[in-house]
Amino acid sequence: MAGNVVLGYDGSEGAKEALRVAVGVAHAFGAPLSIVFGYEPSPVGGESSDHRNALHGFGERAVAEAVSLAAAQDASVEIEQLVVPIRPVDSLLQAAKERQALVIVVGASGERPLVGAILGAVPHKLLYLSEVPVLVVPTPET
Amino acid sequence: MAVTSDVEVAPPLEHGGKGLKVGALGLLSALVIGVASVAPAYSLTASLGLVSSSVLAYAPAVMILAFIPMLFIAAAYYYMNRADPDCGTTFTWVTRAMGPKSGWIGGWAILVTDLVVMPSLAAIAGIYTFRLFGAYGLANSTFWTTFIGVIWIAVMTLVCYIGIELSARTQFFLLGAEIVILVTFAITALAQVYGGHVKHSVHLSANWLNPLKIVSGHGAPGWGALAAGMLTAVFIYWGWDTAVTVNEETKDVKRTPGKAALLSTLVLLGVYLIVSLAAQAYHGAGFLGNDTSGDVLGALSSDVFGSTWGKLLVIAVLTSAAASTQTTVLPAARSSLSMAVHKAFPKRFGDIHPRHLTPGFATLVFGAVSIVWYVLLTWLSPNAVLGNSISALGFGIAFYYGITGYACVFYYRKHIFKSFKNFVFVGLAPFLGALILTVMFWIAAFYYSNPANSFVTGQAWFKFIHFSFSIGGWDIYVRKGLGPPVVLGIGLILVGIPLMLIWRHGHRDFFVHKRQVAESLEATAPPLTPGVVPVTD
């Protein structure tokens, strides 16, 4: 598997928009689409096992929803689902590296820039850390 | 459309040089997380005066003595964590070993213990915020410290709700600074004492470290005071077990937690010993014991460092209190999430915030309840919020650490006598730890039930309770009411019993769990609730 389109997906409106674009890109390049949900509860505070399980379930549901949305849009794109127990940014970087990805697609976080920078928005971090091109899809005005 | 793979769980990242998941740093971050969870500067500030007021000059001895049950209970945490990995909770462990009712009460005890500590955190944050800006008058005003305290709880709850995380490096820096400041404070104080510049100072004495002096000899504080002092001092190690149970990000899961626990022990014991000795030498034990408002280190810091450099210690206490608030709110939210997932608590507490991926509802509820509780407690006992909270806290900690110790023995009972190592680590140590905590719990309950031993002398609640009795020639009087620490500490745990019965009435799903016994010392137990599948990574 090489040259995948890697999509970061969390079920938000922004992520759905990114999914729409990612399916289009994957179709245009004839590339498989990897839909990734990464999660990692803070190790501070312990007692994380049920929290992890809950996040895993949440991720599985989100990614499954993404698969059906993608199928409805374009049934010809090959799809891989990944629910990964590591931080969202790291999960995308890892998936991209392993698959020698063509591009990483994420939704803009929808935060104002300063807030995003303070809270550490995923697209913001990806821009600095990714070794492959990053495509940031703006959230549609509602 | 073709779905190539089923939902798949990738192995953790193996960064080469830059990441955080390398073995060496794994040990360091486990150490940092363990020590930061304990929050040494805040713990000392909150408890040193209280311990001194119970056991006078023997506070340093009690500081060390209190570690023994914690060490023993750590064995229980380590082995229960093997069965239910990834930092499981007392709630699930006790449910497995001792049945759902005990498990529910164990979970409840964690929640109320977390709740009880919040007012003391907020009060200290309030006092030290004003100290930081030199507003010493406001630092003494109950209204204004409570005002800042409420804002503090709200902000920290929001931090946990949004899931803002400090990077490992920032945490390491903050903790390092905290330790360095505390040690520098102690050394400077001792140098001044021995340089002969300090009024009312006392030279160090080996007696301070001798616990036997607490219970024997003329004018000794006695067993009740020892138990009360230890119950308070147990609190300074609260959270230390995280060093044992944090096993994510460690390559060598078998050895790293053990090493992290050992190292964090050395750090904590060292810091507590040197700071409590130095603080006591500086103005004497009487000065510490008279201050139960939590301002001990603040008051000493301006004397030792002068007011400008003294701010360093103030900042250390504040960052430490922030870390401690975080390590209180997060586990409280996660414990209630855990209980909700296993159908022992209302479903909404299991909600995951879709954007922040935190247990959003549980976090907000805990924050809101904490604020209400804090204001209520301030109104009920305006001069003793901190003393009453910390002493009450000891009961909660002793209860749920104790029940975890018994659960470990019970869960591994078929394996205890299979080898000497088993006997020591899953039998003797957890049992002794639990036993010490149980004995402390009861002696302290009788000690504090006498309102004369309250921090505001004579303050008593429920004055209609009026009885006296004696056992074996040992007079135990409970007259005209109970001391607030007993009411808060034991009362809140007891409130859980009717709540559990009410919940059980309509929701039997959780209460059908059968007790389990360990298959082996290494085996991971099957999921507690079918359908809640553990993540294997």
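Letters go in sequence order (proteins before strands), and every chain restarts at 1.
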Which residues pass the salt bridge (Lys or Arg N to Asp or Glu O under 4.0 Å) test with B:D351, sequence neighbours left out? B:R348

Taking only residues two or more places apart in sequence or in another chain, which ones pass salt bridge (Lys or Arg N to Asp or Glu O under 4.0 Å) with A:R61? none

Segment of B:T328 engaging chain A (4.5 angstrom heavy-atom cut-off): neither

Are side-chain heavy atoms of B:V341 and A:H51 found at a separation under 4.5 Å? no

So does A:H27 have more than 12 non-hydrogen atoms from other groups sitting under 6.0 Å from NE2? no

Taking the side chain as every heavy atom from C-beta outward, state whether B:L357 and A:D10 have any atom pair closer than 4.5 Å. no

